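Shown next, in structure tokens, is the structure this report addresses.
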Amino acid sequence: MDISQLFIALVLIALIILLVWGRYPVAVVFSAAAFLFFITGLIDFATLSRQLINPGLVTVVLLMLVATVLDKVRLLEIWTHRIVQGPYRWALLKLITLVGVHSAFLNNTAVVASLIGPLRAAYKGQAPRLLLPLSYAATLGGMMTLIGTSTNLLVSGFVVGAGLPALSLFAPLSLGLVLFAACALVMVVLYPFLLKDAETEEPAREDYLIEAVVTAESPLVGRTVENNGLARLDALQLVEIVRPDQLIAPVRPQQMVRAGDVLVFAGDVSRLDLLAQFQGLEIDGHVDGVPTNNLMEVMVSGESVLVNRRLRSMDFRTQFDAALVAVRPVRARFESRPGVLRGKQPERLQAGDLLVLAVGRDFQSRNNLARNFLPVSRPIVSKFAKPWKGTLALMAFLVTILGAALGWFPFINGLVCLLVAYLAAGMARAGELRRSVPWQLIFTIGSALVVSQVLTSSGLAGMMASGALAAIGNDPRVAIVVVLLMTALLTEMMTNNAAAALMFPIALSASVSLDVSYMPFVMAVIYGASASFLTPHGYQTNLMVMSPGGYRPRDYLRAGFPVSLVYLALAAWLIPVFFR
């Protein structure tokens, strides 16, 4: 190993550590690695530029822009009431099938986001029994086509970048259907026992934390909690008082209230009127002209700038034209996070935290909503008022897919024409598309392509593959299984895009070393990167359903283990059979 390979190896180790740590966004970590490789001369500008206009990356961007129109289709919401009719197993089967078909062609996150609210409303207290299967069905459906998930397109971009023939649109479909059917059967048979009402009941509203500040002029100052009537609120309970020098919990009725105290209440966020009756008690949403009758429930996205940041370090109102009214932490219920909103040392927000925002008039027009928030109770994207528009938009997209699959035109050309047609028909606006450009995903995928290129061109990927083959032998089937399992392990520890980016050059080098077809190894990366069933943070949709479903990490282990076992076992057995 020469000096340059040693440097690349050190950067790669640091990259993996930072991705597993999760403190910094994936886009920042990969971009930093790509920048280091560029300034040290390990990749020239011409090669760097080619990676940034990789067909896979361009296709991802175009699909994300098309998704801004398809997200307005009401089809899934209209069918929700039909999904929940009948016995649980029948409802579960309908849900998995419907979500799987949609996720094969539409954005997984959008599919899950559009169904969380309707399922919670239609299925009432038993909705959590469907939310985790909803996430798994979206994951399984997404891996069946090349456009079902950005990871598949990322791998396709790697293949093209390596000078190999591009993967077809339905390359993963044959084995994908088998895996989808098998995992759906596991869920239908076992989930009536694994997801019980008592263990995954609808999360109680007392999980929401609401903070209010006592002003200096408030008549509450100098009086006890009991005398002020703060201990006898039916729908809200005073659980903590945060002061610059101390945290008071539990709060006793005889506790004196001081000016500047941050009172932390737990309870029903819709009953803010109970706090509004106290003079000199300020709640975010009651100030700066933001009305409390315009509340929206959202989830902090895994790519949000809010992750691992304290709210005092940013001007929330200026960035989003919204005030943060309440928080429900993604942590286990009843584990309070003191001073989440305005304490002296407020807890950092985490991906998956539910927020209640009092939104202003300009909230919907902000450019940064889709990157930071996932809608829960109310959609950020306004749906088509006329159903025929949604049907027409969806049919045009399906025709584009069909034409590309039959070879009538390149898929990228079809997507460009489709976007132009959406704009001409008034189904999308230029400003709307501009706000929807997935910059973080662009930097992630573009930088990942650069990292993969450097690993391959430097020979380090080949050395790593050779070392692995020396340890496991030269049996191609065993090597495919190792690639599959390693990718699946990495995707649970970081993200699916990151796992695919790290494993692809090693998998391709392994196929070269064994002098066998690259296709089984490429497909092992694709299927392994979609095998995220065991942790809430492995895939964004898993995180999306965590708080609405009241799930804890052990719920993912219990419900995801049989699905993961069947998925990986079948994939390991059948990849060499389906792909040669």
Side-chain angles (χ1 to χ4, degrees), residues 46-67 104-107 142-177 397-419 438 441-442 444-453 455-457 461 480 483 487 496-497 499-512 516-530 575 578-580:
T47 307
L48 180 68
S49 301
R50 285 198 300 271
Q51 299 302 331
L52 294 178
I53 57 172
N54 182 284
L57 176 55
V58 174
T59 304
V60 168
V61 175
L62 291 174
L63 279 171
M64 291 296 181
L65 296 181
V66 168
F105 303 100
L106 304 179
N107 181 273
M143 59 88 188
M144 289 195 293
T145 68
L146 211 59
I147 63 173
T149 172
S150 62
T151 307
N152 290 4
L153 285 168
L154 172 63
V155 174
S156 177
F158 287 147
V159 171
V160 173
L164 300 171
L167 300 178
S168 67
L169 191 62
F170 295 103
L173 182 60
S174 54
L175 178 53
L177 283 173
F397 178 63
L398 293 178
V399 169
T400 302
I401 294 175
L402 179 62
L406 295 176
W408 295 345
F409 46 76
F411 189 48
I412 290 180
N413 294 12
L415 289 176
V416 171
C417 293
L418 183 62
L419 280 173
L441 192 60
I442 290 173
T444 299
I445 294 179
S447 301
L449 287 164
V450 172
V451 172
S452 179
Q453 174 69 29
L455 288 177
T456 303
S457 61
I480 291 170
V483 169
T487 308
N496 48 355
N497 283 334
L502 293 174
M503 285 303 302
F504 177 83
I506 299 173
L508 187 61
S509 297
S511 69
V512 172
V516 295
S517 171
Y518 66 90
M519 274 300 291
F521 290 86
V522 170
M523 301 312 295
V525 173
I526 284 180
Y527 292 120
S530 292
I575 285 176
F578 279 81
F579 306 99
R580 297 180 181 275

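Model, not experiment: these values are computed from the prediction.
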All heavy atoms of Leu146 vs all of Ser168, minimum pair found to be CD2-O, 3.5 Å

Taking all non-hydrogen atoms of both residues, which atom of Met519 and which atom of Arg580 are closest, and how far apart? CB-O, 4.3 Å

Could you state the interatomic distance from CD1 (Ile412) to SG (Cys417), rounded to the nearest 0.5 Å? 12.0 Å

Could you walk me through whether Phe521 and Leu508 pass the side-chain contact (heavy atoms from CB on, under 4.5 Å) check? CA-CA 7 Å; Phe521 290 86; Leu508 187 61; over 6 Å; no

Kindly give the heavy-atom pair with the smallest separation between Ser174 and Phe578, and that separation in Å. OG-CD2, 3.4 Å

Partner of Leu167 under side-chain contact (heavy atoms from CB on, under 4.5 Å), picked from Asn152, Val160, Ile526, is Ile526

Apply side-chain contact (heavy atoms from CB on, under 4.5 Å) to the pair Thr487 and Phe504, showing each step before the final yes or no. CA-CA 9 Å; Thr487 308; Phe504 177 83; over 6 Å; no

Working to the nearest 0.5 Å, report the span between CD1 of Ile506 and CE of Met503. 5.0 Å

Here the pair of heavy atoms bringing Ala507 nearest to Val483 is CB-CG1, 3.8 Å

Can you tell me how the ring of Tyr527 sits relative to the ring of Phe579, calling it parallel under 30°, perpendicular over 60° and tilted otherwise? tilted

Any heavy-atom pair between the side chains of Val58 and Leu62 that's under 4.5 Å? yes

Quick one, Leu164 with Val522, criterion side-chain contact (heavy atoms from CB on, under 4.5 Å). Give me CA distance, side-chain angles, the key distance, then yes/no. CA-CA 11 Å; Leu164 300 171; Val522 170; 5.7 Å; no

Working note: Leu415 + Leu63, criterion side-chain contact (heavy atoms from CB on, under 4.5 Å); need CA distance, chi angles, decisive distance, verdict. CA-CA 7 Å; Leu415 289 176; Leu63 279 171; 4.0 Å; yes

Got a second to check how far Ser156's OG is from Ile147's CD1, nearest 0.5 Å? 11.5 Å

Of all heavy-atom pairs linking Ser530 and Met143, the shortest is OG-CB, 3.3 Å

Under the criterion side-chain contact (heavy atoms from CB on, under 4.5 Å), which of Asn413, Ile401, Thr400 is the partner of Leu418? Thr400

Minimum heavy-atom separation for Ala529 to Asn496, with atom names? O-CB, 3.1 Å

Check whether any side-chain heavy atom of Ser150 lies under 4.5 Å from a side-chain heavy atom of Asn497, and answer yes or no. yes

Let me confirm one number: the CE-CG distance from Met144 to Leu177, rounded to the nearest 0.5 Å. 5.5 Å

